[in-house]
Amino acid sequence: MENEKELVRNVGRIEPRSLSLGLLVGFFLALFTYVSISDRYTTPLLTIESRVASAYGVPSSPLLKHKMNSPQLDAGPRNATEENPGSDLFKKNDAIKVQPSSSYVIHDASSGRLDASSTQKLGNETIREDWHEKDGENRVPDKNSSTSGDSTQKEDIINPKQPGERNADVRPQRKPICDFSSRRSDICKMEGDVRIHGKSSSVVFVTSNQMRNLEPNESWRLKTYARKFDKTAMKEIREVSVKMSSSIDAPRCTLNHSIPAVVFAVGGYTGNMYHGFSDALIPLFITSRQFNGDVQLLITNTHLWWVHKYRHILKSLSRYETIDFDNDDQVRCYPHAIVGLESHEDMAIDPSRAPNGYSMVDFTKFLRSAYSLDRDSPIKMGEHPEKKPRLVIIDRYRTRRLVNIQEIVKMAEDLGYEVLRAEARSGTEVAEFAHLINSCDVMMGVHGAGLTNLVFLPMNAVLIQVVPWGRLESVAKYDFGDPARNMKLHYLEYSISEEESTLIDLYPRDHPVFKDPMSLHRQGWRAMGKVYLVEQNVKLDLRRFRPVLLKALELLH
């Protein structure tokens, strides 16, 4: 009892300040012990770092930097119930998770083919990265993709912004909605609340209070035909207005859609098959194929005959009704819209710029599926010596005709070909012609739009392009030579001599038409085309042309 009283007296002598200090030290010792014991259960520091860094728009590691540079970051939340309001840093299907082993697992919201992805290993985990967004292409969640891992931790990463973490005066960098930098086409991409009224050529992107980095009332005007460098082609194309607006000023929706929309034009030169593909169908494939059919197409400057002619392609790109944009009086609301088409070059796709790394090989595979074409490869002569390879000659009926086609057919048959003559007129059913071309192993013809049918040839088939007189080799190579190689076709080019041109019957041999063809080129396309593309027909020298047909046979072995 006496000892207890002494203890009380000793404690009473301790100064309050010393007592407080002791209690504080004890508290931190207990906290340190707790953290040490539970360390393996806590969230790694990198996760916290990434949250803080993302809140201020600063990537904290190369992998995070790759994600931060994603075009999805500028799109804003698709749905307020799916993501934290005001946070557009990560999509719901685009989560980064850090495992206890410190390995990174990246699940990209990709929509592409597996062969467009590069796969690496780090530790026991897999890193899967799709590079098709490197040049600013939109990416779309794959229906089959999923995000694994603990949902609580995923939610913590998806919603990195906490109240008070972002300074109201700091605005993150954003990718512009509209891009006018391409030589070939203008394009606007919006994700969020997009309202389209076709009849007034109006597209409104509704901004919210959380979208502080977007300026209200910004607007753009563009023509959605993918040949903007050509003033003649663009002259009649209808202009589309794209503008930002608050929800108060935006038109009220009359139809709500849960799929993306693509707005584009098919006027210009699309009545010509070459331009139908170069200016519309290939750019449309680049832009809309990534959605795997879950997209609606809205066409301005449309023609019913064009939509009907290429209906197999349009229906394969979209499972939904095609909308006549110019006459549509509905206010259609979409969660995602692209106004204009991505276009690289004539009859070309640049895989480094296309979504999912698409190429012209992918485009021709798509066409074979759209038209239910049977053949993916031509005949193998070594494996089937009893079979004759099929040669189809594209028979022009107005300009640049093969005037001695009967003799050409006979020579080809003597060499072992089964020969078909095919004439593609404006009213020709594309599906029927596609099946005919696909059944052949070699296609030949004089330079012209009819050679566009090379898209239906099986891979590794042979294209023979006959180049008329007039220094047209560079044009021929650009229009069909390079595309043929990009489609994995064998390409043979035959340039005719003066004697094989019917121009010798129209002009003296000392005329600039023969002596200085480039002088006509310098006068412009119209002057050059009048002579070399309109007035000229072709009479092949059979002896000179024969080795070309033999070379084609050799390529089929």
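Computed from heavy atoms alone, side chains included, the values below leave out hydrogens, waters and symmetry copies. We number each residue from 1, following the sequence as shown.
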Q.
Determine whether F285 and Y358 satisfy the following criterion, ring pair (Phe, Tyr, Trp, His ring centres under 6.0 Å), listing intermediate values before the conclusion.
A. CA-CA 9 Å; F285 173 84; Y358 289 134; 5.3 Å; yes
Q.
Under a 3.5 Å distance rule, please check whether T502 uses its side chain to pair with a backbone N or O of N537 as donor and acceptor.
A. yes
Q.
Are L367 and F277 packed together at the side-chain level, in the sense that at least one heavy-atom pair is separated by less than 4.5 angstrom?
A. yes
Q) Using 4.0 Å as the upper bound for N to carboxylate O, is an ion pair formed by K199 and D328? A) no
Q: Heavy atoms only: give me the nearest Y491-E493 pair and the separation to one decimal.
A: OH-OE1, 2.5 Å
Q: Identify the two heavy atoms, one from M459 and one from P378, that lie closest to each other, and give their separation to 0.1 Å.
A: O-CD, 2.8 Å
Q. For C333, does its backbone N or O pair with a side-chain atom of N256 as donor and acceptor, under 3.5 Å?
A. no
Q | Donor-acceptor pair, side chain of N438 and main chain of F456, under 3.5 angstrom | A | yes
**Q.** Considering all heavy atoms, the nearest I187-E342 contact
**A.** CD1-OE1, 3.7 Å
Q.
Tell me if the aromatic rings of Y320 and F291 count as close, with their centers under 6.0 Å from one another.
A. no
Q) Is the number of heavy atoms from other residues, nucleotides or ligands under 6.0 Å of Q330 CD greater than 12? A) yes
Q: May I have the step-by-step check of side chain to side chain contact (heavy atoms under 4.5 Å, CB included) for R332 and V194, ending in yes or no?
A: CA-CA 8 Å; R332 299 177 182 271; V194 187; over 6 Å; no
Q: Check T207, V206, V204 against M244 for a side-chain contact (heavy atoms from CB on, under 4.5 Å) and give me the one that passes.
A: T207
Q | Check: L298 and F264 side chains under 4.5 Å, non-hydrogen atoms | A | no
Q: With ring pair (Phe, Tyr, Trp, His ring centres under 6.0 Å) as the test, would you mind laying out the steps for F366 and Y371 before giving the verdict?
A: CA-CA 9 Å; F366 163 77; Y371 286 101; 8.8 Å; no
Q: Would you name the heavy atoms of M234 and K223 that are closest together and state the gap between them?
A: O-NZ, 3.0 Å
Q. Can you check whether M360's main-chain N or O pairs, donor with acceptor, with T364's side chain at less than 3.5 Å?
A. yes
Q: May I ask you to say whether D441 pairs ionically with R375, meaning some side-chain N is under 4.0 Å from a carboxylate O?
A: yes
Q | Distance-minimising heavy-atom pair for E473 and S495 | A | OE2-OG, 2.8 Å
Q. Is R311 salt-bridged to E429, cutoff N-O under 4.0 Å?
A. yes
(Q) Do Y225 and S185 have side chains that approach each other closer than 4.5 Å (heavy atoms only, starting at C-beta)? (A) no
**Q.** Atom pair CD1/OG of I286 and S343 - distance to nearest 0.5 Å
**A.** 6.0 Å
Q: Would you confirm whether R319, through its side chain, and N292, through its main-chain N or O, come within 3.5 Å as a donor-acceptor pair?
A: yes
**Q.** Side chains of L472 and M528 in contact at under 4.5 Å (non-hydrogen atoms)
**A.** yes
Q. About how many Å separate OG1 of T300 and CD1 of I237, when rounded to the nearest 0.5 Å?
A. 7.5 Å
Q. With no hydrogens and no angle check, is any side-chain donor or acceptor of R396 less than 3.5 Å from a backbone partner on T399?
A. yes
Q. Pairs in or reaching into residues 470-489: which pass ring pair (Phe, Tyr, Trp, His ring centres under 6.0 Å), with residues at least two apart or in two chains?
A. Y274-F480, H447-F480
Q: Check whether any side-chain heavy atom of I299 sits under 4.5 Å from a side-chain heavy atom of I323, and report yes or no.
A: no
**Q.** The single option from R421, R400, R401 passing salt bridge (Lys or Arg N to Asp or Glu O under 4.0 Å) against D395
**A.** R421
Q. Is there side-chain contact between F325 and H197, with at least one heavy-atom pair below 4.5 Å?
A. no
Q | R526 CZ: over 12 foreign heavy atoms closer than 6.0 Å | A | no
(Q) Looking at K315 and E321, would you say the former's side chain and the latter's main chain have a donor-acceptor pair under 3.5 Å? (A) no
Q: May I ask you to say whether D193 pairs ionically with R195, meaning some side-chain N is under 4.0 Å from a carboxylate O?
A: yes
Q: Decide side chain to side chain contact (heavy atoms under 4.5 Å, CB included) for L341 and T224; before the verdict, give the C-alpha distance in whole Å, the side-chain angles of both, and the deciding distance to 0.1 Å.
A: CA-CA 7 Å; L341 299 178; T224 58; over 6 Å; no
Q: Find the distance between OG (S288) and CG (D294) and round it off to the nearest 0.5 Å.
A: 11.5 Å
Q | Ionic contact status for D516 with R522, cut-off 4.0 Å | A | yes
Q. Under 4.0 Å between a Lys/Arg side-chain N and an Asp/Glu carboxylate O for D376 and K365?
A. no
Q.
Is there a side chain to side chain contact (heavy atoms under 4.5 Å, CB included) between H257 and Q296? Walk through the geometry before answering.
A. CA-CA 9 Å; H257 303 271; Q296 187 156 53; 3.3 Å; yes
Q: State, yes or no, whether a side-chain contact exists between K243 and F205 at a heavy-atom distance under 4.5 Å.
A: no
**Q.** L284 and L314, any side-chain heavy atoms less than 4.5 Å apart
**A.** yes
Q) Between S439 and R390, do the side chains contain an N or O donor and an N or O acceptor separated by less than 3.5 Å? A) yes
Q. Once the angle between the rings of H303 and W305 is folded into 0 to 90°, is it parallel (under 30°), tilted (30 to 60°) or perpendicular (over 60°)?
A. parallel
(Q) Main chain of E236, side chain of N301: is a donor-acceptor contact present, judged purely on distance under 3.5 Å? (A) yes
Q) Checking T302 side chain against D324 main chain: does a donor-acceptor pair fall under 3.5 Å? A) no
Q: First locate atom CG of L402, then atom CD of E500, and finally report the distance between them rounded to the nearest 0.5 Å.
A: 10.5 Å
Q) Taking D279 for the side chain and G276 for the main chain, is one N or O donor matched with an acceptor at less than 3.5 Å? A) no
Q) So, are E535 and K530 salt-bridged, with charged N and O less than 4.0 Å apart? A) yes
(Q) Please give me the minimum heavy-atom distance between I259 and Y334, naming the atom from each residue. (A) O-CD2, 3.1 Å
